[in-house]
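Below is one structure, written out as C-alpha cells, with a few remarks after it.
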Amino acid sequence: MEKLKILVVDDESRMRKLVRDFLVKKDFIVLEAEDGAQAVDIFFSTKDISLIILDVMMPKMDGWQVCREIRELSDVPIIMLTAKSDERDELLGFDLGVDEYISKPFSPKILVARVEAILRRSNLLNDDSIITAGEITLNKSAHEVTVEGKPVELSFKEFELLNYFMDNQGLALSREKILNSVWNYDYFGDARTIDTHVKKLRSKLGKEGDYIKTIWGMGYKFEVS
C-alpha cells in the first residue's frame, strides 16, 4: 500500500520534529509547514495529502483561517492543536469542519492513535489492528491480548514487546534492536531490561511463551512451531 502523506503545521520546530518522528515510525510521509500561509501553499500544490495536523496560533495566517481556506475546496481530515482548552474554540473548530481537537501538551502516541483512527474511518488506512500467531491474538486498537481465547493482562511495555515480536515473526532480533524499537524515547539504559520483560511475558503467556525463542549471545526470535 502506498504511504499516506500527513501535513504537520506548527511554528515550533521542536513540536514539528516530535510529531514527525512518531508519524514516520508508523510509516507515514510527513510534510512540514512553519506558518499558515506556507501550509496552504503546500496543501494545494501537493494535492494528495491525506490528513492535516494544524496548530491554531501561528504567524501570517492562523489555524482558523487555514482551515477556512482548505474547507472551501477539500474535506481532508484536520486535527487542530491548541494551547487553550476553551469550549468556544472547540465549537468554532467543529463548525469549521475540524475532525479532532487536541489541547497541548499532549502525548504523541495518543496523537498518532487519533490519526490512525481518523484515517481508518476515512477508509484510507487498512485496519490491520488485529494480529494472530498460533493461539495468541493481539488487538492493537483495543490494547488487548488473548491466549487460547482467554484475556491476558499485560503491562504497557509487555504489550508493546509482544506486538513487536508478532510483527517480526521468524526474524532474529538483537537486544539492541528490540530496545531501540520498543523503548526508543522512553528509556535510557542497557539491554538487560529486555531479558526481564521477556521472562515476565513468557510467564504470562503460559505454554505459548515458548513462541519466544532465545538466540544465545544475540537476542530473541518469535516463532510458532
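One is the number of the first residue; the rest follow in order along the sequence. Everything quoted here is computed from the prediction, not taken from an experiment.
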Item to check | Side-chain heavy-atom pair I6, I52 within 4.5 angstrom cut-off | outcome: no

Checklist entry - Is there a side-chain contact between V98 and I79 (heavy atoms, below 4.5 Å)? => result no

Item to check | Verdict with reasoning, K177 to Y164, per side-chain contact (heavy atoms from CB on, under 4.5 Å) | outcome: CA-CA 11 Å; K177 188 170 185 179; Y164 183 68; 3.5 Å; yes

Item to check | Flag side-chain contact, heavy atom, 4.5 Å: I136 against T146 | outcome: no

Checklist entry - Does a salt bridge link R175 with D195, judged by any charged N lying under 4.0 Å from a carboxylate O? => result yes

Checklist entry - Which residue pairs pass the salt bridge (Lys or Arg N to Asp or Glu O under 4.0 Å) test with at least one member in residues 205-224, sequence neighbours excluded? => result E148-K207

Next on the checklist: Parallel, tilted or perpendicular, judged at 30° and 60°: which one describes the rings of H143 and F156?
Outcome noted: parallel

Checklist entry - Tell me, do D55 and D11 make a side-chain contact under 4.5 Å, heavy atoms counted? => result yes

Next on the checklist: On a heavy-atom basis, which atom in F165 and which in L173 lie closest, and how many Å separate them?
Outcome noted: CD2-CD1, 3.8 Å

Checklist entry - Can you list the residues that meet the side chain to side chain contact (heavy atoms under 4.5 Å, CB included) rule with S107, with sequence neighbours excluded? => result K109, I110

Checklist entry - From L201 CG over to F222 CZ, what is the distance, rounded to the nearest 0.5 angstrom? => result 8.5 Å

Checklist entry - Are the side chain of Y211 and the backbone N or O of E135 linked by a donor-acceptor pair below 3.5 Å? => result yes

Item to check | Nearest non-hydrogen partners of Q169 and V224, listed with the distance | outcome: OE1-CG2, 4.3 Å

Item to check | Electrostatic pair D167:K140 at N-O distance under 4.0 angstrom | outcome: yes

Next on the checklist: Just so I know, are the side chains of F106 and V19 near enough to count as touching, which here means a heavy-atom distance under 4.5 Å?
Outcome noted: yes

Checklist entry - Does D48 offer a backbone N or O that forms a donor-acceptor pair with the side chain of T46 under 3.5 Å? => result no

Next on the checklist: P77: which residues meet the side chain to side chain contact (heavy atoms under 4.5 Å, CB included) condition with it, sequence neighbours left out?
Outcome noted: L51, D99, I118, S122

Checklist entry - Looking only at heavy atoms, what is the nearest atom pair of C67 and L54, with distance? => result N-CD2, 4.2 Å

Next on the checklist: Using a 4.5 Å cut-off between side-chain heavy atoms of Ile, Leu, Val, Met, Phe, Trp and Tyr, which other residues end up in the same hydrophobic cluster as M218?
Outcome noted: I215

Checklist entry - With F44, which residues qualify under side chain to side chain contact (heavy atoms under 4.5 Å, CB included), at least two apart? => result V40, I70, L73

Checklist entry - Do the non-hydrogen side-chain atoms of I42 and L7 ever get within less than 4.5 Å of each other? => result yes

Item to check | Test: D21 and K25 ion pair at under 4.0 Å | outcome: no

Checklist entry - Is the backbone of M58 close enough, under 3.5 Å, to the side chain of D62 for a donor and an acceptor to pair up by distance? => result no

Next on the checklist: Can you confirm whether I53 sits close enough to I102 that some side-chain heavy atom of one is under 4.5 Å from a side-chain heavy atom of the other?
Outcome noted: no

Next on the checklist: Do I29 and L111 sit in one hydrophobic cluster, given that two such residues count as connected whenever their side-chain heavy atoms are within less than 4.5 Å of each other, even indirectly?
Outcome noted: no

Checklist entry - Tell me, do Y220 and N168 make a side-chain contact under 4.5 Å, heavy atoms counted? => result no

Item to check | Donor-acceptor contact present, side-chain R20 to main-chain V30, <3.5 Å | outcome: no

Checklist outcome for this item: Minimal heavy-atom distance between M15 and D10, with the atoms involved, is CG-OD2, 3.4 Å

Item to check | Sidechain N-carboxylate O distance under 4.0 Å for E158, K204 | outcome: yes

Next on the checklist: Checking T214 now: which residues fulfil side chain to side chain donor-acceptor pair (under 3.5 Å) with it, not counting sequence neighbours?
Outcome noted: R202

